[in-house]
Amino acid sequence: MIDEKKGAILILSGPSGCGKSTLLKEVYKDITDYYFSISTTTRAPRIGEKDGVDYFFVTKEEFEKDIENDDFLEYAKVHDNYYGTSLKPIKKALDEGKLVIFDIDVQGHEIVRTKLDSIVTSVFITTPSLKVLESRLNSRNTDSSEIIEKRIKNAKGEVEYFQNYDYLIINDDLQIAAKQLVCIANIARIKSKLFDNNKIISTWLEN
Ligand code: ADP
Ligand code: 5GP
């Protein structure tokens with residue numbers, strides 16, 4: 001039999017405010033056996049965000065120590081703050097055969113692709129337009145106008161990277177976008193197993 005106990009990675013990227021967190025909350029009830037990767041960041045928590053739930057919030061010094069210790073699978077500077085994915089919990093979740101979900105930026109996507117390409121499925125999420133993105137960032141009401149401006153400026157550059165992803169979801173109607181994401185999450189596990197080439201062939205020959 002082909003070993004079912006092999007995990008897969010699903011990467012979500014897209015401009016801040018496009019709806020990644022909202023979409024994920026919506027799909028969790030429809031997928032099983034997943035592990036959401038909680039990133040570490042030096043950015044300040046927003047109102048309502050909890051340490052260890054939304055992010056691990058650390059100081060710049062603590063983050064740089066983790067870099068020195070080689071603790072990250074990937075990390076990047078986004079909007080002037082560090083964001084990174086710790087390697088240990090990811091390894092554990094993959095060993096347990098889980099679908100590991102990342103909400104990381106385009107730089108992080110590139111690094112994880114290089115390191116773990118065969119088990120990665122990626123989806124770029126965006127709004128129908130820049131105007132809609134601006135209005136979502138404003139109505140989320142969590143960031144100062146200065147920070148929003150920076151995020152909008154970054155978004156213009158980030159959107160060009162959608163071509164490096166396996167799938168694109170335009171998050172206009174939340175329910176439609178959530179259905180699309182559930183389909184992609186399910187296919188991510190199947191794709192990951194397909195890439196275990198040697199094992200598939202030897203198992204097929206032996207049985
Ligand atoms: P991200 O995690 O990508 O930064 P959020 O999930 O925080 O984005 O969403 C940004 C804002 O947009 C939130 O206020 C959220 O309620 C709203 N939002 C998300 N998806 C939709 C949608 N499909 N239609 C309308 N508003 C949305
Ligand atoms: P926010 O501050 O809005 O929560 O996130 C800002 C950006 O950082 C988003 O594009 C998000 O995907 C990205 N991000 C969050 N965690 C990580 C991470 O661990 N690594 C990388 N490379 N980007 C991350």
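Just so you know, ligand 1 is whichever comes first in the structure, and atom 1 is the first atom listed for that ligand.
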Find all atoms of ligand 2 within a distance of less than 4.0 Å from any non-hydrogen atom belonging to His79, and give their numbers and elements. 6 (C)

Testing the 3.5 Å rule here: is there a donor-acceptor pair between the side chains of His109 and Ser13? no

Whether Ser13 lies under 4.0 Å from ligand 2, heavy atom: no

Tell me, which protein residue and heavy-atom name are nearest atom 8 (O) of ligand 1, and how many Å apart are they? Gly19 N, 3.1 Å

Atom 6 (O) of ligand 1: of Thr22, Ile170, Asp103, Leu137, the nearest heavy atom sits on Thr22

Atom indices of ligand 2 within 4.0 angstrom of Ala76 heavy atoms, with elements: 22 (N)

Rounding to 0.5 Å, atoms CZ (Arg189) and CG (Asp33) come to a distance of 5.5 Å

Chi angles and distances behind the side-chain contact (heavy atoms from CB on, under 4.5 Å) call for Val159, Thr126: CA-CA 8 Å; Val159 159; Thr126 189; 4.2 Å; yes

Tell me whether Lys191 contacts the main-chain N or O of Ile119 through its side chain, where contact means a donor paired with an acceptor under 3.5 Å. no

For Lys20, atoms of ligand 2 separated by under 4.0 Å from a heavy atom: 12 (O)

Using non-hydrogen atoms of the residue, decide whether Gly14 is closer than 4.0 angstrom to ligand 1. no

Is it true that Phe56 and Phe63 have ring centroids separated by less than 6.0 Å? no

Against ligand 2, does Gln107 come closer than 4.0 Å with any heavy atom? no

Top protein contact for atom 16 (N) of ligand 2, by heavy-atom distance: Ser39 OG, 3.1 Å

In terms of its nearest heavy atom to atom 7 (O) of ligand 1, the top option of Arg136, Lys25, Arg140, Gln175 is Arg140

Subset of ligand 2 atoms that lie under 4.0 Å from at least one heavy atom of Arg43: 1 (P), 2 (O), 4 (O)

Gly108 heavy atoms within 4.0 Å reach ligand 2 at atoms 22 (N)

Please determine whether the number of non-hydrogen atoms from other residues, nucleotides or ligands lying under 6.0 Å from atom CZ of Phe36 exceeds 12. yes

Could you tell me which atoms of ligand 2, counted from 1 in the order shown, lie closer than 4.0 angstrom to a heavy atom of Asp103? 11 (C), 12 (O), 14 (N), 15 (C), 16 (N), 17 (C), 24 (C)

Any non-hydrogen atom of Asp172 lying under 4.0 Å from ligand 1? yes

Are any of the side-chain heavy atoms of Val100 and Leu94 separated by less than 4.5 Å? yes

Salt bridge (charged side-chain N to carboxylate O under 4.0 Å, His left out) for Lys65 and Glu61? Distances and angles first, verdict last. CA-CA 6 Å; Lys65 208 166 179 196; Glu61 290 70 31; over 6 Å; no

Among all protein heavy atoms, pick the one closest to atom 2 (O) of ligand 1 and tell me residue, atom and distance. Ser21 OG, 2.6 Å

Please work out whether the ring planes of Tyr83 and His79 are parallel, tilted or perpendicular, with thresholds of 30° and 60°. perpendicular

Ligand 1 to Asp173 polar contact by distance, N or O atoms, under 3.5 Å: no

Relative to each other, are the rings of Tyr34 and Tyr28 parallel, tilted or perpendicular (30° and 60° limits)? parallel

Where's the contact between Arg46 and ligand 2, heavy-atom distance under 4.0 Å: side chain, backbone, both or neither? side chain

With distance as the sole criterion, is a donor-acceptor pair present between the side chains of Thr41 and Arg43 under 3.5 Å? no

In terms of atom number and element, which parts of ligand 2 are under 4.0 angstrom from non-hydrogen atoms of Ser16? 3 (O)

Looking only at heavy atoms of Tyr55, does any of them come nearer than 4.0 Å to an atom of ligand 2? yes

May I ask whether Ser139 has any heavy atom positioned less than 4.0 angstrom from an atom of ligand 1? no

For Gln107 and Lys77, indicate whether the former's side chain and the latter's backbone hold a donor-acceptor pair under 3.5 Å. yes

To check your reading of the model: name the closest protein heavy atom to atom 20 (N) of ligand 1, its residue, and the distance in Å. Asn171 ND2, 3.1 Å

